[in-house]
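Data block below; observations after.
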Amino acid sequence: MSGYLDRLNAEQRAAVEALDGPLLVLAGAGTGKTRVLTTRFAHILMSGRAGPGQVLSVTFTNKAAREMRERIAAILGRPVEGLWLGTFHALAARILRRHAAQVGLEPNFSILDTDDQLRLLKQVMQAESIDAKRWLPQGLMGIIQRWKDRGLTPDRVTAAEDTDFAGGRARDIYAAYQDRLRTLNAADFGDLLLHVTEIMRNQPEILAQYHRMFRYILVDEYQDTNLVQYLWLRLLAQSHQNICCVGDDDQSIYSWRGAEVENILRFEKDFPGARIVRLEANYRSTEQILGAASGLIAHNEGRLGKTLRSGRNDARGDKVEVIALWDSEEEARMIGSRIEALRQDGHRLSEIAILVRAGFQTRAFEERFITLGIPYRIVGGLRFYERAEIRDAIAYLRLIVQPADDLAFERIVNLPRRGVGDAAMRSLYAYSRSQGVPLMLATERLVASGELRGRVRENLAELLQNFMGWRELLQREGHVVTAATMLDESGYTAMWKADKSPEAPGRLDNLKELVRALADFETLSGFLEHIALVMENEESTDADRVSLMTLHGAKGLEFDTVFLPGWEEGLFPSQRSMEETGLKGLEEERRLAYVGITRARLRAVISHAANRRIYANWQSNVPSRFIEELPAEHISQTGAARADRQQRLTTPPIFSGAFALTAARPRLAPGAWEQASRPPRAESIPVGARVFHQKFGYGTVMAVDDNRLDIAFEQSGEKRVLDTFVERA
DNA sequence: AGGTTAGTAATTTTT
DNA sequence: TTACTAACCT
């Protein structure tokens with residue numbers, strides 16, 4: 001415990017010891033900002049200035065919050081209770097539950113995810129007779145979200161601001177949407193911050209209460225805060241000014257989601273007398289990598305400015321490689337073979353990442369890795385709680401707790417099929433609206449009155465009966481048993497068992513996993529709160545796999561080797577980004593490139609292809625401008641750069657159709673890469689075994705040839721695949 | 001009511 | 001190309 005300060009360098013120590021008054025810590029990539037935050041927390045406690053419950057620590061991700069909590073416990077040598085440490089959303093929800101009445105909600109309000117949000121908004125738009133084809137609901141959802149990001153309640157939105165949607169009706173629909181949320185006793189993500197800020201703006205006594213409570217404030221990733229978050233922090237800090245924000249303006253990559261870099265650039269003005277400490281000693285990357293990254297980011301205007309220097313005392317490292325390739329498939333082959341080579345040299349696959357600009361780019365690599373037998377994982381795909389079957393199950397659970405949850409009711413009333421169609425729903429809505437009662441109660445009344453008849457009536461009567469039974473069961477047997485029973489009795493499990501699609505068995509597994517996850521919580525509502533706010537994948541870090549992810553998803557991570565494919569104009573920097581926000585967009589793309597390079601400890605390989613398939617057709621691309629911006633002394637241009645330029649001159653710029661593709665593509669020694677790879681033998685799978693493959697689903701092994709299996713897939717026909725890619729079902 | 005088909009639209013996504 | 005939705009048929 002003692003001597004926790006000794007493990008810091010001079011600048012880190014300065015950031016930790018400047019306890020009183022506003023402090024901005026500009027922490028470059030890999031300079032130990034989490035260490036500073038956690039040590040500062042410990043130092044506040046050790047200096048006796050505040051207790052554990054009097055420090056507010058805000059992060060953006062649950063992962064960051066968890067890491068901070070663990071490291072604080074490690075420094076103090078004991079687990080700490082009663083911390084106010086969490087994401088903006090989790091903390092806001094916690095506070096909002098105490099004061100829900102101030103904004104017209106009950107303390108047990110439910111938190112909607114984007115799916116619910118969109119459905120609700122569609123309904124409101126329909127009620128307002130907006131043509132959903134001309135004006136896309138997701139467009140309006142974006143507008144509303146951005147208003148919420150800026151702390152604008154409907155009454156604060158000016159008419160001048162409301163012009164670009166449905167002829168200036170966005171504000172009205174926003175207001176109607178907020179009304180609907182209130183009657184549903186629900187809040188969307190944006191509301192959590194918006195409501196809390198609104199309460200603190202309007203209720204000085206409540207604000208004062210939190211001033212007394214939080215003597216110190218710590219903020220992580222300050223460059224990513226949006227305006228409401230900023231307003232909220234400023235309100236909280238206004239009495240004592242003991243606010244410490246840590247961030248890096250060069251890593252601000254979420255402006256499209258409402259983050260405002262200006263928050264960090266303006267810090268000194270917002271908090272007069274603020275101290276600024278720069279963390280510039282990077283302990284992660286080699287000098288070459290830092291040199292390349294710094295040279296690139298120097299092209300941005302309006303930076304606070306930092307000069308990263310290597311804090312590592314090992315080798316200077318290899319130059320950042322820039323490799324030009326003919327087409328995207330060659331790029332995938334090149335990276336695949338490089339990874340094979342690294343693996344043969346004894347490098348762990350989990351220390352290798354491929355970082356792409358957009359999600360669809362991972363596909364080419366997946367396909368390549370499947371043929372090569374390189375295990376990979378896609379980070380940040382569909383999340384567990386976003387899967388349809390999980391959301392359905394959750395809707396059932398929500399209805400057990402909150403019979404008035406209309407959104408949940410709509411989701412599952414006809415799932416599995418109960419014969420509830422348009423006509424039945426219309427009468428339910430009509431009754432619900434005219435009597436001002438939730439849909440479930442409306443159902444009960446219409447079943448009783450006989451307005452619903454036939455099979456629908458029977459099925460719904462049974463459903464209502466079931467819900468009463470489950471609520472009782474919840475009291476008697478607890479939430480785990482209830483959930484399991486509910487999934488069976490509702491017919492939901494049976495529905496998936498009857499489904500013959502290849503995903504169905506996986507979905508059933510997910511449902512089992514959900515029931516298992518429920519056991520980790522004391523109560524059902526505790527679980528529901530968790531899933532609303534913690535939308536992350538638990539990572540299965542067990543296996544040694546290459547990571548495939550977007551650049552955005554890579555923030556905060558680091559790897560020995562990083563591949564950065566697709567550095568081409570239009571793709572990266574992205575065309576759309578530049579069209580939408582011009583120079584600002586370009587600079588954000590450049591920061592994204594900077595984030596990408598600085599993820600690498602030892603090796604970074606940038607590549608670009610002259611031709612790339614986008615959807616159905618081929619498109620020829622020029623190298624990204626970012627490549628030219630890399631300082632020459634830190635990069636080595638290798639690969640087919642010259643050859644490609646010549647080829648490009650003699651080949652038409654745009655290829656279309658499969659014929660042109662096969663004709664134009666250079667053929668590298670076929671099988672050359674496959675030869676190099678010999679994946680470690682998996683447990684042998686006998687002929688006749690039923691197996692599961694990620695892409696092809698379930699099948700039966702017909703023949704075995706060393707590590708190659710001929711499998712008759714139930715959905716995709718017969719295929720030959722490597723045994724490492726199937727598991728026994 | 002429910003399944004089928006044609007049309008449409010496609011970055012990034014910490015909660 | 002694929003995935004999703006809205007109209008359309010049975």
Side-chain angles (χ1 to χ4, degrees), chain A residues 58-67 86-93 111-114 117-118 122 131-133 136-139 141-142 145 148-149 187-193 220-221 223-226 228-229 251-259 355-364 367 379-383 385-386 388 414 416-425 454-456 459 529-537 549-557 566 570-581 585 588-589 591-592 595-596 613-618 658:
Chain A
V58 198
T59 65
F60 271 84
T61 64
N62 290 294
K63 198 172 152 201
R66 202 183 321 121
E67 191 182 343
T87 63
F88 272 104
H89 296 271
L91 293 167
I111 300 167
L112 301 189
D113 59 31
T114 43
Q117 257 178 73
L118 191 63
K122 275 182 187 164
D131 180 6
K133 260 176 278 169
L136 291 172
Q138 34 274 64
M141 195 159 95
Q145 245 156 34
K148 289 187 175 180
D149 285 342
D188 65 23
F189 276 127
D191 281 343
L192 298 174
L193 267 306
D220 192 14
E221 306 277 19
Q223 78 283 352
D224 287 335
T225 50
N226 60 34
V228 225
Q229 291 163 341
Q251 293 188 66
S252 159
I253 54 175
Y254 281 110
S255 76
W256 50 275
R257 254 177 46 170
L355 309 182
V356 296
R357 174 67 248 261
F360 70 83
Q361 291 173 266
T362 58
R363 251 191 112 105
E367 279 166 19
V379 180
L382 193 58
R383 285 176 275 228
Y385 294 116
E386 281 170 356
N414 203 30
R417 293 267 129 87
R418 297 190 177 91
V420 183
D422 272 354
M425 281 314 286
R455 228 165 49 85
V456 181
N459 289 339
E529 177 91 354
H530 172 83
I531 53 158
L533 293 170
V534 183
M535 290 285 267
E536 62 181 2
N537 281 329
M549 65 184 102
T550 64
L551 287 159
H552 285 93
K555 194 159 98 168
L557 304 178
L571 183 60
F572 189 40
S574 125
Q575 191 62 43
R576 187 131 153 208
S577 177
M578 291 186 293
E579 276 164 12
E580 276 170 12
T581 42
E588 182 149 315
E589 296 283 304
R591 290 194 291 267
L592 203 47
V595 168
R613 195 161 70 165
I614 305 279
Y615 305 126
N617 36 2
W618 288 79

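Proteins get letters first, then strands, A, B, ... in listed order; numbering begins at 1 in each.
Considering only side-chain atoms of A/Glu580, the nucleotide from B/dA1, B/dG3, B/dT11 that sits closest is B/dT11. Of the candidates B/dA1, C/dT2, B/dG2, the closest approach to any side-chain atom of A/Arg417 belongs to B/dG2. Taking every side-chain heavy atom of A/Ala358 into account, B/dT11 is the closest of B/dT13, B/dG2, B/dT11. Residue A/Thr550 places its side chain closer to B/dT12 than to any other of B/dT15, B/dA1, B/dT12.
Side-chain contact between A/Val356 and A/Phe572 is absent, with no heavy atoms from C-beta onward closer than 4.5 Å. Taking the side chain as every heavy atom from C-beta outward, A/Met549 and A/Leu557 approach each other to under 4.5 Å.
Comment: A/Lys63 does not engage A/Glu67 in a salt bridge, judged by the lack of any side-chain N to carboxylate O separation of less than 4.0 angstrom. Under 4.0 Å is where a charged nitrogen must lie from a carboxylate oxygen, and between A/Arg591 and A/Glu588 at least one such pair does.
Base contact: A/Glu589 has a heavy atom under 4.0 Å from a base atom. Within 4.0 Å of A/Glu579, counting heavy atoms only, lies no atom of the nucleic acid at all. Using a 4.0 Å heavy-atom distance criterion, A/Ala423 is classed as a sugar-phosphate-only contact. Across all strands, A/Ser577 comes closer than 4.0 Å to base atoms (heavy-atom distances). Within the nucleic acid shown, A/Gly359 comes within 4.0 Å of sugar-phosphate atoms alone, with no base atom in reach, counting heavy atoms only. Within 4.0 Å (heavy atoms only), A/Phe88 reaches no atom of the nucleic acid at all. Residue-level contact check: A/Ser574 touches the bases, meaning some heavy atom is under 4.0 Å from a base atom.
We find that the ring of A/Trp256 and the base of B/dT12 stack, their centres lying under 5.5 angstrom apart and their planes tilted less than 30°.
Note: A/Tyr385 and A/His530 have perpendicular aromatic rings, judged against thresholds of 30 and 60 degrees for the angle between ring planes.
Rounded to whole Å, atom P of B/dT13 lies 17 Å from atom CG of A/Asn62. Between the CG atom of A/Leu592 and the P atom of B/dT12 there is a distance of 12 Å, given to the nearest Å. Between A/Asp224 atom CG and B/dT13 atom P there is a gap of 14 Å when expressed in whole angstrom units.
Nearer to the 5' terminus of DNA chain B, by closest-nucleotide assignment, is the contact made by A/Asn414 (compared with the other of A/Arg576 and A/Asn414). Comparing A/Lys555 and A/Arg455 by the nucleotide of DNA chain B whose heavy atom lies nearest to each, the residue mapping closer to the 5' end is A/Arg455.
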